[in-house]
Chemist: 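Before I ask anything, let me first share the structure, which is written out below as structure tokens.
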Amino acid sequence: MAKVRSLITKTEWNISSREMRDILNSTHDAIVAVNEKGVIVLFNTAAERLLGVSSWQAYGEYAQDIIPGSRLHCVLESGMPELNQRQEIGGTCIITNRVPVKDEDNRTVGAVAVFRDMTEISHLAEEITCMKEVKELLESIINTTQDVISVVDDKGKIIMVNPAYTRLIGMRKEEVLGRPPTVDIRQGESVHLEVMKTLEPVRGVPLRVGPANREVIINAAPIIVNGRLRGSVAVAHDISEIKHLTEELARVKSLMNQGQARYTFENIIANSPLMQVVVENARRAAVTPATVLLTGESGTGKELLAHAIHNISQRKSRRLVRVNCAAIPETLLESELFGYEAGAFSGALKGGKKGLFEEANGGTLFLDEIGEIPPPIQVKLLRVLQEREITRVGGVKPINIDVRIIAATNQNLEESIKNGTFREDLYYRINVFPITIPPLRHRVEELPQLVRHMLTKLNREYGRSVQGITNDAIAILSEYHWPGNVRELENVLGRALINMRFNEDTIMANHLPLLNEMSRANSGQEPLKNAALSRRTLVEIVEDAERRAVALALAEYDGNRAEAAMHLNISLRGLYYKLEKYGLK
């Protein structure tokens, strides 16, 4: 500015010096000078660029005519500087300093304005502010997470640890910042140094750290920015917490395996009057400690009802132990039910074993197929029900138990009593609250609801999205005798889903398998004609059976046509013909 002042105080404001012109033109700041009359005598290259006016247009003109909002004439009048003034020129915001130029006699002989475009500076300020906010956000995330995090720079010094680190490791931040990553290690090698040496992440490294010698598992990875190593980050997990979670998971799995009841009364379709009576009786029985005997044909849902009874009983928080008496060999049934002492027989566990009655203590024991229990064990079971105590096989000491019994059978136990295969006194002991579940053929009005309920389950199992069933298909199902009851209905619907194309979402009559009507000699009724057969010709029936056979073969061999053709005992060419004929893809 001294040179500028010296220059413009000369007579005629001579600025022909090439050196001075180059200096003024090379500066990034715009410079405009006026003489004592307000006429522009200096206009550098930066001023041309910023104001959009060439120097030859500006020289000799009044500043207020060339520069919008210029106050250089005001500075000339007042003789006072105006510093850091904001000024708008077009769409550009500038910051300007306006100062008077005085001669040796302190007279104002001109003025100079130096200004700069603030747009770029504003953008830089915004970027700095954004980066600062991002940094604060990242620090907040790291500090609030429950994971133990430590960060090391490229010089191998700890530069960041979060509060979770100080809680787990037991060292204050001031004790570790700026220190090498081995400062907190009591046993093992630093993962930070390892990943910085190999530039490869590591996982599951066990270490002991901190004053308390805590056992942790470390995962670490290098921090690489633009191909350059900038440090490493490590996350530690407390082994004690993992062990606790593992134990908790094992406990939950154990409870699941021990047979917690899965079904409730909401899972039971009861729209028919017969089933409504069954559900009402089951609800009344559930709130009592009485032994319940569930009877009905195979597949009617006796186990589901047992689950529901247990789930609203006072024992619902305890175990429901399920026993299929027909599935356990007679030689093992006694030891499975009542347990055994060590050395009771060859192959017995060294410490003995609890029986299912002891496992169900405080809860419910569901004895399915109770009619299959052999007479010798029936005697012991009767004593358990009467005395509420058991004696293990090979033991002499009675063990008190508190178990609620739910029994189920598809046999006519009264006939079994007459035949001598079931004890009469045991029958009366378990027949305290009998509930008979009607067969499906006696409640066919529930078929639409049962089908919709089962489709939800089957869609998950088969990976399908079948939404419903046509009235014709329901009519066919309604005319069937259903010897296998609800279990058979689920099987039929599963086969129907297999017969459907993947773009079909409604079960139609042609998707159903052929339902062979069983004789109703026992009921004294004439067999019903299958509705599907009564409305179709023989050719249609044969073609439908052939299409289903081809579809099932393809499904069985996962779409392998060669193996499907071999299974069907036809040529591969013949299989392609049938695929095209029946529209199977």
Side-chain angles (χ1 to χ4, degrees), residues 258-259 290-303 305-307 309-310 319-349 352-361 363-437 484-485 487:
Q258 287 171 358
T291 300
V292 178
L293 177 62
L294 304 177
T295 58
E297 296 179 6
S298 178
T300 52
K302 296 185 288 296
E303 182 171 348
L305 193 62
H307 280 249
I309 292 172
H310 174 79
R319 295 179 56 189
L320 169 66
V321 176
R322 306 186 301 275
V323 187
N324 188 328
C325 301
I328 302 176
E330 181 178 342
T331 54
L332 298 177
L333 184 58
E334 181 179 5
S335 61
E336 287 295 318
L337 287 175
F338 309 116
Y340 57 82
E341 297 290 353
F345 50 84
S346 178
L349 295 177
K353 180 185 175 183
K354 284 185 177 181
L356 295 172
F357 271 95
E358 288 182 79
E359 295 287 350
N361 196 24
T364 303
L365 182 64
F366 176 50
L367 297 174
D368 197 10
E369 304 293 351
I370 194 171
E372 301 293 335
I373 295 180
I377 300 180
Q378 291 180 25
V379 176
K380 199 165 185 178
L381 178 60
L382 177 62
R383 176 174 176 78
V384 171
L385 297 178
Q386 289 177 339
E387 306 298 334
R388 296 292 173 179
E389 62 181 25
I390 64 166
T391 302
R392 291 182 178 180
V393 176
V396 294
K397 181 181 178 180
I399 301 172
N400 294 326
I401 58 166
D402 175 24
V403 175
R404 198 262 182 88
I405 300 295
I406 299 178
T409 183
N410 59 5
Q411 297 183 7
N412 187 331
L413 293 183
E414 294 178 354
E415 288 294 328
S416 299
I417 292 171
K418 293 179 182 178
N419 298 334
T421 56
F422 200 83
R423 293 182 62 92
E424 185 176 9
D425 46 4
L426 177 59
Y427 172 73
Y428 290 117
R429 179 60 67 179
I430 63 173
N431 195 35
V432 177
F433 201 113
I435 299 176
T436 300
I437 304 176
N485 293 290
R487 186 180 293 121

Chemist: Who are the side-chain contact (heavy atoms from CB on, under 4.5 Å) partners of Arg423, not counting sequence neighbours?
Modeler: Gln378, Val379, Leu382, Asp425, Leu426
Chemist: For Gln411 and Glu372, does a side-chain donor sit closer than 3.5 Å to a side-chain acceptor?
Modeler: yes
Chemist: Would you name the heavy atoms of Ile370 and Cys325 that are closest together and state the gap between them?
Modeler: CA-SG, 4.4 Å
Chemist: Just list the side-chain donor-acceptor pairs under 3.5 Å for residues 413-420, sequence neighbours left out, or say none.
Modeler:
residue, atom, partner, partner atom, Å
Glu414, OE2, Tyr427, OH, 3.2
Ser416, OG, Asn412, O, 3.3
Asn419, ND2, Glu415, O, 3.2

Chemist: Once side-chain hydrogen bond (donor to acceptor under 3.5 Å, both in side chains) is applied, do any residues pair with Thr295, and if so which ones, sequence neighbours excluded?
Modeler: Thr436
Chemist: So which of Asn410, Ile437, Asn485 actually passes side-chain contact (heavy atoms from CB on, under 4.5 Å) with Glu297?
Modeler: Asn485
Chemist: Do Leu320 and Phe366 have side chains that get closer than 4.5 Å, going by heavy atoms?
Modeler: yes
Chemist: With Pro374, which residues qualify under side-chain contact (heavy atoms from CB on, under 4.5 Å), at least two apart?
Modeler: Glu330, Leu333, Pro376, Ile377
Chemist: Just do the salt bridge (charged side-chain N to carboxylate O under 4.0 Å, His left out) check on Glu341 and Lys397 with the steps written out, would you?
Modeler: CA-CA 10 Å; Glu341 297 290 353; Lys397 181 181 178 180; over 6 Å; no
Chemist: For a quick test of reading the model, state the closest non-hydrogen atom pair linking Leu294 to Lys302 and the distance between them.
Modeler: CD1-O, 3.3 Å
Chemist: Contact between Thr391 and Val396 at the side-chain level, heavy atoms closer than 4.5 Å - yes or no?
Modeler: no
Chemist: Which atoms form the tightest heavy-atom contact between Leu293 and Ala408, and what is the distance?
Modeler: CD1-N, 4.4 Å
Chemist: Taking atom CD1 of Ile390 and atom CG of Leu381, what is their separation to the nearest 0.5 Å?
Modeler: 11.5 Å
Chemist: Rounded at 0.5 Å granularity, tell me how far CD in Glu336 sits from NZ in Lys354.
Modeler: 14.5 Å
Chemist: Do you know which two heavy atoms are closest between Val393 and Glu334, and how far apart they sit?
Modeler: CG2-CG, 3.7 Å
Chemist: Test of understanding: with side-chain contact (heavy atoms from CB on, under 4.5 Å), list the residues that count as partners of Arg487, not counting sequence neighbours.
Modeler: Ser298
Chemist: Any side-chain to backbone donor/acceptor pair from Asp368 onto Val323? Under 3.5 Å, distance only.
Modeler: no
Chemist: Can Glu389 and Arg383 be counted as an ion pair, charged N to O under 4.0 angstrom?
Modeler: yes
Chemist: Are Asn324 and Glu369 linked by a side-chain donor-acceptor pair shorter than 3.5 Å?
Modeler: no
Chemist: Report yes if the side chains of Leu367 and Thr409 come closer than 4.5 Å at any heavy-atom pair, otherwise no.
Modeler: no
Chemist: Does Ile406 reach the side chain of Leu365, with side-chain heavy atoms less than 4.5 Å apart?
Modeler: no
Chemist: Decide yes or no on side-chain contact (heavy atoms from CB on, under 4.5 Å) for Val432 and Val292, but give the supporting numbers first.
Modeler: CA-CA 6 Å; Val432 177; Val292 178; over 6 Å; no
Chemist: Stepwise, does the side-chain contact (heavy atoms from CB on, under 4.5 Å) test hold for Leu305 with Ile435?
Modeler: CA-CA 10 Å; Leu305 193 62; Ile435 299 176; 4.2 Å; yes
Chemist: Could you name each residue pair satisfying ring pair (Phe, Tyr, Trp, His ring centres under 6.0 Å) that touches residues 319-339, not counting sequence neighbours?
Modeler: Phe338-Phe357
Chemist: With a 3.5 Å distance limit and no angle check, can you tell me whether Arg404 reaches the backbone of Ala290 through a side-chain donor-acceptor pair?
Modeler: yes
Chemist: Check this for me: does any side-chain nitrogen of one of Arg392 and Glu358 sit under 4.0 Å from a carboxylate oxygen of the other?
Modeler: yes
Chemist: From Leu337 CG over to Ile373 CD1, what is the distance, rounded to the nearest 0.5 angstrom?
Modeler: 6.0 Å
Chemist: Let me confirm one number: the OG1-CZ distance from Thr364 to Arg322, rounded to the nearest 0.5 Å.
Modeler: 12.0 Å
